[in-house]
Amino acid sequence: MPGKTLFDKIWDSHVVSSIENGPDVLYIDRHFIHEVTSPQAFNGLAQRGIGVARPKQTIATADHNVPTINQHLPIQEVLSRTQVNKLTENCEKFGVELYGLGHPFQGIVHVIGPELGITLPGMTIVCGDSHTSTHGAFGSVAFGIGTSEVEQVLATQCILQTKPKKMKIEVNGELAEGVSSKDIVLYIIAQITASGGTGCFVEFAGSAIRSLSMEARMTICNMSIEMGARGGMIAPDETTFEYIRGREFAPKGGEFDKLVDYWRTLPSDSDAEYDKISTFDAAEITPFITYGTNPGMGIKITDSVPTMEVVSKAEQNSFAKSLEYMGLEPGQSLLGKPVNYVFIGSCTNSRIEDLRKVADLVRGQQKAPHVNAMIIPGSKQVENQARKEGLDVIFQKAGFELRQPGCSACLGMNEDKVPKGEYCVSTSNRNFEGRQGPGARTFLASPLTAAATAINGYITDVREMLAEPELA
Amino acid sequence: MDKFQTLTSTIVPLPNQNVDTDQIIPARFLKATTREGFGDNLFRDWRYDEQNNPINSFILNDPDIKGEILVAGKNFGSGSSREHAAWALYDFGFKAVVSSFFADIFKNNALNNGLLPVQVSDNFLQKIFNQYEVEANTELRVDLANQSITLLTTGETESFDINPYKKYCLENGYDDIDYLLSQREAIENFEAQALYSV
């Protein structure tokens, strides 16, 4: 019998029972909830007259529709306020811990789990949000679920789920300067397409992945869903253990050491088998940017939008429709294209390392006057850390606005929207039509590319800026 | 959940590929705290302009096109996990969605709400679209027991896959929570040795 993958080891050890020719009853270690996808699940419990089975294993926060200014005031927008209040009511009624607005641990659900040491290797983690895959960076099986499934987990701490197939994506070699993990994942999605991982759980491996920090790994796993995959994961190693050590809710002392011994057994066996394997060379990866309306429509920032001839016949209509929405021509270069909006934030790229990189680049510079440059920290802790390090002052001097935590313009549920027809270089994860606001046109890119674009006022290859000698 | 057995209906064609859940229901319409009423905002930004006037060229605004089966291009339901997408389709009146490829989470969400995702070959999907061009009131018959889908006017048929457990649930209108609640003892036994349970 072949060895087991990282994914097999965790999944198999969480199967309570299996339905013949059907799904597994999978035990869930940690469940994150937020205001948008939980109210109907709580309603369901109330209708059945049951409670939350294991309230201590569910953690709540308010992130999707919260404003990113004046968070100390009541939310102005009525529907958002009602939904956030409903979450508070439900958490009180069902005994679930809530890190709501004003709480020092509040933030985007996929930012706070890891930073609080709640997310650990070997866990099964779910949330009514497709970017739950982020937590897979710790070597956990983490995936997004629908609200009926949220109700299953609240009611029983289990979920009915068919075991996905296994895919390995290896990236080997060294990354060049100015290239970040966001570029890696945009590159991968462009190669395998936005549905290339459907039906699979992806394990990211290879020397380029191993060399990444935890925050950079989270960016990659975060966007697994953008290749259609059920989730993504990376084997835990010393980088993982060091990141977790000492965090708020992480196990401490002897308990931590014992867990590390267990975590060391999790990486895939050398003879483990996968259903699909793709291998990429890090040297091929440059700063990347999307031009279309799904995350698979990406190019090297120095390349041109594809011409119609290279698009398969079946996809030509969708391709043309996408370019029409984006106001772009086939064969056009994106470099130098004027942009009025830059959004740095979202569960993909709003962590302290992202903010530090942006600060390093924009220190002593000024954004172009016509650009609206918004930085939304992933959590209250990230915001406080940024202020402690003086990043807020650097941003302010450069004309970037550091606001308060939330999902913000990634999906435009709150007031932070990109106006119709406007271009936005965004560090978020989706360039779908209308995602950042009705008619908004999104270019997905790394925080460095976004920051460089804000400075110049047009789409910029950040490597040119890095190469410039420092001004005296 | 309502039972699903067989369905014969005219179709609503939506040949676009990669229809993501942000198109099915944009995020700004996810603020309700109940499951009802999402159909009003199904495909909102394709269906209405900024002044909330219907966009006549969009298929759902064509008064002559009615049906309980949506036939969509490849990779339907990608992106966000929002179950509101399945609720909106069902609330609008769709009972089945036919495509040559579905995103995983959407497929689960649909099955959990009595909305049947029918995955057909690219070839069969094209045949449906072609037949619609010839005859806009063409009908499809979806037979869950036999796992078959038939273009009634031409008689062409294809079988489709569905997990046997999910099929059983749909045929009987059972949901997963009923099953999971019946497993309480097994779950508690499992928990007794689970590493991360508290």
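By convention in this document, chain letters (A, B, ...) are assigned in the order of the sequence lines, proteins followed by strands, and residues within each chain are numbered from 1. Since the structure is predicted, the reported quantities are computational estimates derived from the model, not experimental observations.
- Across all their heavy atoms, A:A155 and B:I177 have their closest contact at CB-CG2, 4.4 Å.
- Only the backbone of A:I145 comes within contact range of chain B, with heavy atoms under 4.5 Å apart.
- In this structure, the portion of B:Q23 lying under 4.5 Å from any heavy atom of chain A is its side chain and not its backbone.
- Remark: the backbone N or O of A:G128 is not paired with any side-chain donor or acceptor of B:R82 at under 3.5 angstrom.
- With a 4.5 Å cut-off on side-chain heavy atoms, B:N163 and A:N21 do not count as touching.
- With hydrogens and angles ignored, the 3.5 Å screen pairs no side-chain donor or acceptor of A:E433 with any backbone N or O of B:D45.
- No side-chain donor-acceptor contact under 3.5 Å links B:S81 to the backbone of A:G146.
- In this structure, chain A has a heavy atom under 4.5 Å from the side chain of B:N108, while its backbone stays farther away.
- Using a 4.5 Å cut-off between heavy atoms, B:P164 touches chain A through backbone and side chain atoms alike.
- Of all heavy-atom pairs between A:Q57 and B:V198, the closest is OE1-N, 3.0 Å.
- For the options A:G296, A:G439, A:S195, heavy-atom pairs under 4.5 Å to chain B are most numerous at A:S195.
- Under 3.5 Å, the side chains of A:T37 and B:E83 contain no donor-acceptor pair of N or O atoms.
- Contact of A:P23 with chain B is made through backbone and side chain together, with heavy-atom distances under 4.5 Å.
- Chain B forms more heavy-atom pairs under 4.5 Å with one residue of A:A53, A:G412, A:S80, A:G228 than with any other, namely A:S80.
- Note that CZ of B:F190 is 7.5 Å distant from SG of A:C158, once rounded to the nearest 0.5 Å.
- Looking at B:Y179, only its side chain comes within 4.5 Å of chain A, counting heavy atoms on both sides.
- Taking all atoms of both residues into account, the shortest heavy-atom contact from B:N75 to A:A194 is ND2-O, 4.3 Å.
- Atom NZ of B:K107 sits about 9.0 Å away from atom OG1 of A:T198, to the nearest 0.5 Å.
- The contact between A:A314 and chain B is made by backbone and side chain atoms together, counting heavy-atom distances below 4.5 Å.
- When heavy atoms are compared at a cutoff of 4.5 Å, A:Y262 approaches chain B solely by way of its side chain, counted from C-beta outward.
- Across all non-hydrogen atoms, the minimal contact from B:D104 to A:G199 is OD2-N, 2.7 Å.
- Taking OG from B:S78 and CE from A:M227, the interatomic distance works out to 13.5 Å, rounded to the nearest 0.5 Å.
- No side-chain donor-acceptor contact under 3.5 Å links B:D20 to the backbone of A:N294.
- Interface remark: A:R435 contributes backbone and side-chain atoms alike to the contact with chain B (heavy atom separation under 4.5 Å).
- To the nearest 0.5 Å, atom CG of residue B:L195 and atom NZ of residue A:K258 are 9.0 Å apart.
- Both the backbone and the side chain of B:D176 come within contact range of chain A, with heavy atoms under 4.5 Å apart.
- Both the backbone and the side chain of A:L160 come within less than 4.5 Å of a heavy atom in chain B.
- Taking 4.5 Å as the limit, every side-chain heavy atom of B:L180 sits out of range of all side-chain heavy atoms of A:I159.
- With hydrogens and angles disregarded, no donor-acceptor distance shorter than 3.5 Å links the side chain of B:Q183 to the backbone of A:S17.
- In this structure the side chain of A:R54 reaches within 4.5 angstrom of the side chain of B:E191, judged on heavy atoms.
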Stepwise side-chain contact (heavy atoms from CB on, under 4.5 Å) check, B:D178 with A:R48
CA-CA 10 Å; B:D178 298 331; A:R48 290 171 200 266; 3.1 Å; yes

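- Proximity to chain A is limited to the side chain of B:F101, based on heavy atoms less than 4.5 angstrom apart.
- The shortest heavy-atom contact between B:I105 and A:S130 is CD1-CB, 4.2 Å.
- For B:N189, no part sits under 4.5 Å from any heavy atom of chain A, backbone or side chain.
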Take B:K31 and A:T82 through the test side-chain hydrogen bond (donor to acceptor under 3.5 Å, both in side chains) and record every step on the way to the result.
CA-CA 8 Å; B:K31 294 179 183 178; A:T82 306; over 6 Å; no

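- By number of non-hydrogen pairs under 4.5 angstrom with chain A, the leading residue of B:E50, B:K167, B:K74 is B:E50.
- In this structure, chain B has no heavy atom under 4.5 Å from any part of A:E35.
- No hydrogens or angles considered: nothing links the side chains of A:Q40 and B:W87 as a donor-acceptor pair under 3.5 Å.
- The side-chain heavy atoms of A:L259 and B:Y196, taken from C-beta on, include a pair separated by under 4.5 Å.
- Between chain A and the residues B:G79, B:A85, B:A86, the largest count of heavy-atom pairs under 4.5 Å involves B:G79.
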Check the pair B:L30 / A:L411 against side-chain contact (heavy atoms from CB on, under 4.5 Å), numbers first and verdict last.
CA-CA 11 Å; B:L30 304 184; A:L411 81 169; 5.5 Å; no

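- Here the straight-line distance linking atom OG of A:S322 with atom CD of B:Q17 works out to 11.5 Å at 0.5 Å rounding.
- Heavy atoms of B:D122 lying under 4.5 Å from chain A are absent altogether.
- Using a 4.5 Å cut-off between heavy atoms, B:A194 contacts chain A through its side chain alone, with no backbone atom that close.
- The side-chain heavy atoms of A:D29 and B:S197, taken from C-beta on, include no pair separated by under 4.5 Å.
- At a threshold of 4.5 Å between non-hydrogen side-chain atoms, the residues B:R28 and A:N414 do not count as touching.
- Neither the backbone nor the side chain of A:C407 comes within contact range of chain B; no heavy atom of the residue lies under 4.5 Å from a heavy atom of that chain.
- Note that the OG atom of B:S80 and the CG atom of A:N429 stand 10.0 Å from one another [nearest 0.5 Å].
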May I have the step-by-step check of side-chain contact (heavy atoms from CB on, under 4.5 Å) for A:E149 and B:N109, ending in yes or no?
CA-CA 8 Å; A:E149 295 168 316; B:N109 288 340; 4.1 Å; yes

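- Both the backbone and the side chain of A:K56 come within contact range of chain B, judged by heavy atoms closer than 4.5 Å.
- Only the side chain of B:E188 comes within contact range of chain A, with at least one heavy atom under 4.5 Å from a heavy atom of that chain.
- For the options B:A103, B:G73, B:A27, heavy-atom pairs under 4.5 Å to chain A are most numerous at B:A27.
- Minimum interatomic distance between B:T33 and A:N43 (heavy atoms only, all atoms of both residues): O-ND2, 2.8 Å.
- When heavy atoms are compared at a cutoff of 4.5 Å, A:V15 approaches chain B solely by way of its backbone atoms N, CA, C and O.
- Heavy atoms of A:E20 lying under 4.5 Å from chain B are absent altogether.
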